[in-house]
J.: 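The structure is given below, and queries will be raised subsequently.
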2 protein chains.
Amino acid sequence: MRATDVTAAVPGSPTWWLERQAREARRRPRADGLSTERIVDAALALVDAEGLDALTVRRLAEELHTGSASLYRHVASRDELLVLLVDHVLGEVRHPPDGTDGRATVEVLSNELRRVLMDHHNLVPALTVSPLFGPNALLGTERGLAGLLDAGFPPDVAVPAYLALVDFVLGTVFFDTSSTGQVSGLTHERHELLAAFPADAFALLRARPDDVSLPSVDDVFAFGLATFLDGLEHRFLPSDGTAGPR
Amino acid sequence: MRATDVTAAVPGSPTWWLERQAREARRRPRADGLSTERIVDAALALVDAEGLDALTVRRLAEELHTGSASLYRHVASRDELLVLLVDHVLGEVRHPPDGTDGRATVEVLSNELRRVLMDHHNLVPALTVSPLFGPNALLGTERGLAGLLDAGFPPDVAVPAYLALVDFVLGTVFFDTSSTGQVSGLTHERHELLAAFPADAFALLRARPDDVSLPSVDDVFAFGLATFLDGLEHRFLPSDGTAGPR
DNA sequence: ACCTGAACACCGTTCAAGT
DNA sequence: ACCTGAACACCGTTCAAGT
């Protein structure tokens, strides 16, 4: 451990989180009141109210009655701020009480992850900035993995299942929040668009799904979660309805 | 339909695609050679080589030996360009031959969608800019939905299944490409990070998954896809192994 | 009609100078 | 030691002037 290693770790990486924690503990700020916590709170309020593009360093500084340079005392870059915001939001996940059974734990955590991200949907594109190694992300991983193991899945199933599940939850959040929020032409606006193509193209999209009510994004999420968990139990649990080894 | 409706539709929406197609047909460019196609090709090459941040209007103009203002003859904004790039990349999906059975079609298309997006991983964050209503996206939806119906699922299952599947594929792509590309602490770098927390916190993450080989991102994708499709068949097809009605 | 140089109104970030 | 005004090197986009 060198005394002054100025080379910056990539924001969001494990070493970045470690270095950041050390640096934060070492600070002795003046009594002017500016702190990382205040910055994060103000930034989140701004993102929620006006969108991610409105979060500029200058605008945030204005909101906090300082100059933009002052923010760089607490946060090394805009990307670092986004990493902090994402983990802050993950902290809003409500964990199920101890003793909740395995599958219910997984379902609650999946729904909660989706809920908090949808509550702060303007922040969602920031999830692509970095991997998720913040303390709140780690807690979610710990609990989610525990739920799958408790449900009876062996570790070599629980680990990929956990990762696939997170991919699915985050995928739904991404595409339910991307601009107008409907993926791939399955929406009611599409008819005039299809009319611009030759009559025999996209026969299915023209016919469907008018005879089927288009599911809401929440329905799609619930459907996908239930189907994935059922597939998991069908493939890897000895028999339905009874829990595996603990 | 008014003669001159100058109010711009939101890039990527059905009406935007329609208006764009009309405008492109109406153009009569000079012989200088600049065209939307050349712009898109140059932009994709730039993104692939140097990343999405390197795609600035000025830099792209330089690459094409013009001034930045000239690009605005063909593309109304940087966001419009991103929309065009995404649908262009979706055009690289190789569709299975006619006569391929339902489940195989769904598997091939899922793998292809993942493949082309991973091939242009620098473009992935641009997927959040808008919904997917381009001609290539529509074709994918048409074929994917057809595959699920052909596999024997009724429309009220095939539609949410299709949407959930796209969410999953895109979710994996997002998080396999986000910076260092590992989600939620399940990576080998994490040990020193965990050491910074109290010894009884994250017991599971400390112990796991050293006794289990950490799956690759491709393994997680294959695992999730197989599990979801198995769950779908288990829940909604009368018996395993035999196709439903067609 | 089509094209574009030059300007406008911003950005994130740095650094020398202040306390 | 901590803080910050002012500057640097960029952005996307517009528009009047040119052909």
Side-chain angles (χ1 to χ4, degrees), chain A residues 3-4 6-8 10-12 22-36 38-39 42-43 46-47 50-85 125-126 129-130, chain B residues 3-4 6-12 22-36 38-40 42-43 46-47 50-85 125-126 129-130:
Chain A
T4 51
V6 196
T7 58
V10 43
R23 206 176 316 117
E24 196 81 15
R26 210 186 304 126
R27 301 195 84 246
R28 271 188 296 142
R30 290 186 187 163
D32 69 337
L34 199 57
S35 68
T36 303
R38 277 191 62 217
I39 291 172
L46 188 54
V47 170
E50 302 185 33
L52 199 54
D53 288 344
L55 181 66
T56 69
V57 177
R58 285 168 151 87
R59 173 66 193 281
L60 181 57
E62 190 181 306
E63 218 75 31
L64 291 162
H65 308 101
T66 7
S68 61
S70 300
L71 299 186
Y72 287 85
R73 286 280 104 204
H74 301 83
V75 173
S77 68
R78 185 176 184 271
D79 272 358
E80 281 206 5
L81 180 56
L82 293 179
V83 169
L84 294 174
L85 282 175
V129 170
S130 77
Chain B
T4 52
V6 197
T7 57
V10 43
R23 207 177 313 116
E24 197 82 15
R26 210 186 302 125
R27 300 195 88 247
R28 270 186 299 142
R30 291 185 187 165
D32 69 336
L34 198 58
S35 67
T36 302
R38 279 192 59 219
I39 292 171
V40 167
L46 188 54
V47 169
E50 304 185 31
L52 198 54
D53 288 344
L55 180 66
T56 68
V57 178
R58 284 168 152 87
R59 171 69 191 279
L60 181 56
E62 191 181 305
E63 217 76 30
L64 292 162
H65 310 101
T66 10
S68 62
S70 300
L71 299 185
Y72 286 87
R73 288 277 105 204
H74 300 84
V75 172
S77 67
R78 185 175 183 271
D79 273 358
E80 283 206 3
L81 180 56
L82 294 179
V83 170
L84 293 174
L85 282 175
V129 169
S130 77

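Within every chain, numbering begins at 1; the chains are lettered A, B, ... in the order of the sequence lines, protein sequences first and strands thereafter.
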J.: Grab the CZ-P distance between A:R73 and C:dT19 for me, whole Å please.
T.: 17 Å
J.: I need a per-nucleotide contact map over nucleotides 11-16 of chain C, read 5' to 3'. Cutoff is protein heavy atoms under 4.0 Å; write B for the base, S for backbone only, - otherwise.
T.: BBBBB-
J.: Expressed as a whole number of angstroms, how long is the span from B:H65:NE2 to C:dT4:P?
T.: 14 Å
J.: Could you tell me the separation between the CD atom of A:E24 and the C1' atom of D:dC2, rounded to a whole number of Å?
T.: 15 Å
J.: Check whether any side-chain N or O of B:R78 sits under 3.5 Å from a backbone N or O of B:L55 as a donor-acceptor pair, and report yes or no.
T.: yes
J.: Quick one: list whatever passes side-chain hydrogen bond (donor to acceptor under 3.5 Å, both in side chains) with B:T36, sequence neighbours left out.
T.: B:R20, B:E24
J.: Looking at every non-hydrogen atom in both residues, tell me the closest pair between B:V83 and B:S130 and how far apart they are.
T.: CG2-OG, 3.5 Å
J.: Applying side chain to side chain contact (heavy atoms under 4.5 Å, CB included), name anything that partners B:A61, two or more places apart in sequence or on another chain.
T.: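 Scan of B:A61 (side chain to side chain contact (heavy atoms under 4.5 Å, CB included), adjacent residues dropped) gives B:S68, B:L71.
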J.: Going by the rule side-chain hydrogen bond (donor to acceptor under 3.5 Å, both in side chains), which residues pair with A:R58 if we only count those two or more places apart in sequence or in a different chain?
T.: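 Scan of A:R58 (side-chain hydrogen bond (donor to acceptor under 3.5 Å, both in side chains), adjacent residues dropped) gives none.
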J.: Between D:dT4 atom P and A:L34 atom CG, what is the distance in whole Å?
T.: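 In whole Å, D:dT4 P lies 8 Å from A:L34 CG.
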J.: Once side-chain hydrogen bond (donor to acceptor under 3.5 Å, both in side chains) is applied, do any residues pair with A:R59, and if so which ones, sequence neighbours excluded?
T.: A:E50, A:E63
J.: Between D:dC3 and A:S70, is there an OP1 or OP2 to side-chain N/O distance shorter than 4.0 Å?
T.: no
J.: When rounded to the nearest 0.5 angstrom, what distance separates CG in A:L84 from CD1 in A:I39?
T.: 9.5 Å
J.: For DNA chain D, which consecutive runs of 3 or more Watson-Crick or G-U pairs (each distance under 3.5 Å) count as stems?
T.: C:4-8 with D:12-16, C:12-16 with D:4-8
J.: Would you kindly give the CD-to-P distance between A:E62 and D:dT4, to the nearest whole Å?
T.: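 Spelled out: CD on A:E62 to P on D:dT4 is 16 Å.
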J.: Take the protein atom CZ of A:R26 and the nucleotide atom C1' of D:dC2, then report the distance between them rounded to whole Å.
T.: 15 Å
J.: Verify, without hydrogens or angle tests, whether B:H74 (side chain) and B:L34 (backbone) share a donor-acceptor contact under 3.5 angstrom.
T.: yes
